[in-house]
Protein chains: 2
Amino acid sequence: MSSNIRRSVPQQQRAQEMIDRILSAAAQVLSESGYAGLSTNRVAAAAGVSIGSLYRYFAGKNELIEELRARSSADVLADLTGALTAAVGMSARDGVHHILSVLVGAVKRHRAVTTAMIAEAPLGAHGNILPEVERQLTQVTRIFVAVHAPELDPAEADARIHLAMGVTLNACLRIALEPPAGVTEDRLISLTADLLVLGLVPDPVRTHPDPAQSRPDPVRTRPDPVRARPGR
Amino acid sequence: MSSNIRRSVPQQQRAQEMIDRILSAAAQVLSESGYAGLSTNRVAAAAGVSIGSLYRYFAGKNELIEELRARSSADVLADLTGALTAAVGMSARDGVHHILSVLVGAVKRHRAVTTAMIAEAPLGAHGNILPEVERQLTQVTRIFVAVHAPELDPAEADARIHLAMGVTLNACLRIALEPPAGVTEDRLISLTADLLVLGLVPDPVRTHPDPAQSRPDPVRTRPDPVRARPGR
DNA sequence: CGATAAAGTGAGCGAAAGCTCGGGTACCAC
DNA sequence: GTGGTACCCGAGCTTTCGCTCACTTTATCG
């Protein structure tokens, strides 16, 4: 258990260089050996640095990891803010598309950290890697919904936004980190963008299935059968 | 490093009981201390069993974890298959809704394992917890799309299915494990169901933002930038 | 220059991990 | 009973972990 915050603030240039060396070595170890393979000794060795030096600048392993995550998150966030300002002049769908592709690109750049951090890690309890990004995105989306669908009551809007955040982040991660074969990345982004604008702004006409749609499905059972046992 | 596969097959009843004890102890440790806190010694102690007995039936820690995951996955899969047969008599949207709520319930029942397994784990490289479930769901969805949207070319259909799988699994996990405050679970499931049927079956009318919808957005850029071709 | 602080080193600590193995105990033929 | 097999135990091995600390080297400055 690390406790004494012994981390010293760098004052010379070489110290800053060392910090960078350590962090990029950590990212490298992460991409080569995964989160489980990330030990402070290994990082120090990979950085060509003494283990003692590592502990001079990082109070412990968790600090090191958190710093790594924070840097990636900040970088992705920077890209996002740029995309947001670029999107204000576009149509809703084009804006969403643009934002998505920027996010996908940013995540790709940080493949090592993001893939490894989807892990539990000792960070947030819920294992969210990019909370800053999600926060920013939520904020903007809230405004978007308020403008384009002011009739929604707050709870309903929140539900849609929550869902949209899940779709967005999940889609970006999937597209960037586990791209399926046979489909272009841009096609996936387009589909996601379509889905998002559809899901955010309500359209009373299509919220339920239109009766004409049904196929040779003869039986129409009870509106909803007994739900799965509550369990536990 | 575990190597010799020494795992013996149980022949007496008490052996089977022991295996169950070990597995449920593992689940308990997992929910109490997270993935990082899961050690074989701890599991054995929690099960009130010798560490040697654990290694008689599990070739190593990974085997134990994989068995745990497999059991949860199988249980969720069983629920899913039930939901699928129940859904054949329903409308598309109701069917999807039903499947989603069953999945959410199943995930909830396996909270400990699923939350911990979202972690890296030494399992699949991509950290997918329920590959069997995803496979089954993909298969059914493929049929669904083929029936309801036969005009889609295969690549386009695959893209939509891939996206839908991401949305489905992510939504279920989020709803089951990190339910947001202020919104009922059922509302989220309904929204997700709407989104899914919308996203799966193409509707030429709404693939683009309708012009009437827009608010005080003065600028409207090009109707649509180059759209990705169907790929492949 | 000499002095002081910052930066950097690495042997090695205690703890905990995964796992082994020799030896005991419960069970089921006969 | 007796033999044999399946079952179960737990001290303790080996390795690796996070981390400390006494120490040396390098930069800064009067």
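Order of the sequence lines fixes the chain letters, A, B, ..., with proteins taken first and strands second; residue numbering starts at 1 for each chain.
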*Judged by atom type as modelled, is there a donor-acceptor pair below 3.5 Å linking the side chain of A:R160 to the main-chain atoms of A:G199?*
yes
*asked:* Looking at B:R174 and A:E134, is any side-chain nitrogen of the basic one under 4.0 Å from a carboxylate oxygen of the acidic one?
replied: yes
*A:N41 CG to C:dC13 P: how many Å, rounded?*
15 Å
*Can you check the A:Q11 CD to C:dG8 P distance for me, whole Å?*
12 Å
*Do any side-chain nitrogens or oxygens of A:S53 fall under 4.0 Å of OP1 or OP2 in C:dA7?*
no
*Do the charged groups of B:K108 and B:E185 touch, with an N to O distance under 4.0 Å?*
yes
*Remember a base hit wins even if backbone is also touched, and classify A:L38 as base, sugar-phosphate or nothing at under 4.0 Å, heavy atoms.*
sugar-phosphate
*asked:* Heavy atoms from C-beta onward define the side chain here; which of C:dA17, C:dT9, D:dC8 lies closest to that of B:K61?
replied: C:dA17
*Quick one, give me the B/S/- string for nucleotides 22-30 of chain C, reading 5' to 3', where B means a protein heavy atom under 4.0 Å from the base and S means that only happens at the primed atoms, P, OP1 or OP2.*
----SS---
*With side-chain contact (heavy atoms from CB on, under 4.5 Å) as the test, would you mind laying out the steps for A:L196 and A:T141 before giving the verdict?*
CA-CA 11 Å; A:L196 281 173; A:T141 309; over 6 Å; no
*salt bridge (Lys or Arg N to Asp or Glu O under 4.0 Å) against A:E32, all qualifying residues, sequence neighbours excluded*: none
*Provide, to the nearest angstrom, the distance between the CD1 atom belonging to B:I19 and the C1' atom belonging to D:dC8.*
13 Å
Got a list of side-chain donor-acceptor pairs under 3.5 Å for residues 15-22 of chain A, not counting sequence neighbours?
from	atom 1	to	atom 2	distance (Å)
A:E17	OE2	A:Q13	NE2	3.3
A:D20	OD1	A:R71	NH1	3.3
A:R21	NE	A:A47	O	3.0

*Among D:dC19, C:dT9, C:dC19, the one nearest B:Y55 by side-chain distance*: C:dC19
*asked:* Rounding to an integer number of Å, can you tell me how far A:I51 CD1 sits from D:dT24 P?
replied: 21 Å
_Counting the atoms with a prime plus P, OP1 and OP2 as sugar-phosphate, which does A:V9 contact under 4.0 Å by heavy atoms, base, sugar-phosphate, or nothing?_
sugar-phosphate
*Return the nearest nucleotide to the side chain of A:Y57; candidates are D:dC9, C:dG18, C:dA7.*
C:dA7
*Selected nucleotide, minimal atom distance to B:A15 side chain, candidates C:dT9, D:dC8, C:dA7*: D:dC8
*Show your working on side-chain contact (heavy atoms from CB on, under 4.5 Å) between B:L30 and B:L68 and close with a plain yes or no.*
CA-CA 10 Å; B:L30 213 49; B:L68 203 59; 3.9 Å; yes
*What parts of residues 23-31 of chain A reach DNA chain C, counting only heavy atoms under 4.0 Å away?*
none
_A:V49 side-chain proximity, nearest of C:dT9, C:dA6, C:dC19_ = C:dT9
_Rounded interatomic separation in angstrom, taking CD1 from B:I65 and C1' from C:dA17_ = 13 Å
*asked:* Show every salt bridge (Lys or Arg N to Asp or Glu O under 4.0 Å) that has at least one partner inside residues 37-46 of chain A, sequence neighbours left out.
replied: none
*Side chains of A:H97 and A:D194: do they bring a donor and an acceptor to under 3.5 Å?*
no
_What is the separation between atom CG on A:L54 and atom P on D:dC21, rounded to the nearest whole Å?_
17 Å
*Confirm from the modelled atom types if A:S50 and C:dG10 form a donor-acceptor pair under 3.5 Å, side chain to base only.*
yes
*How long is the line joining CG of B:L64 and C1' of C:dC19, in whole Å?*
13 Å
*Counting only distance, no hydrogens or angles, is the base of C:dG18 paired donor-acceptor with the side chain of B:T40 under 3.5 Å?*
no
*Whole-Å distance separating the CD1 atom of B:I22 from the P atom of C:dG18*: 14 Å
*Could I get the full list of salt bridge (Lys or Arg N to Asp or Glu O under 4.0 Å) partners for A:E132, not counting sequence neighbours?*
A:R69
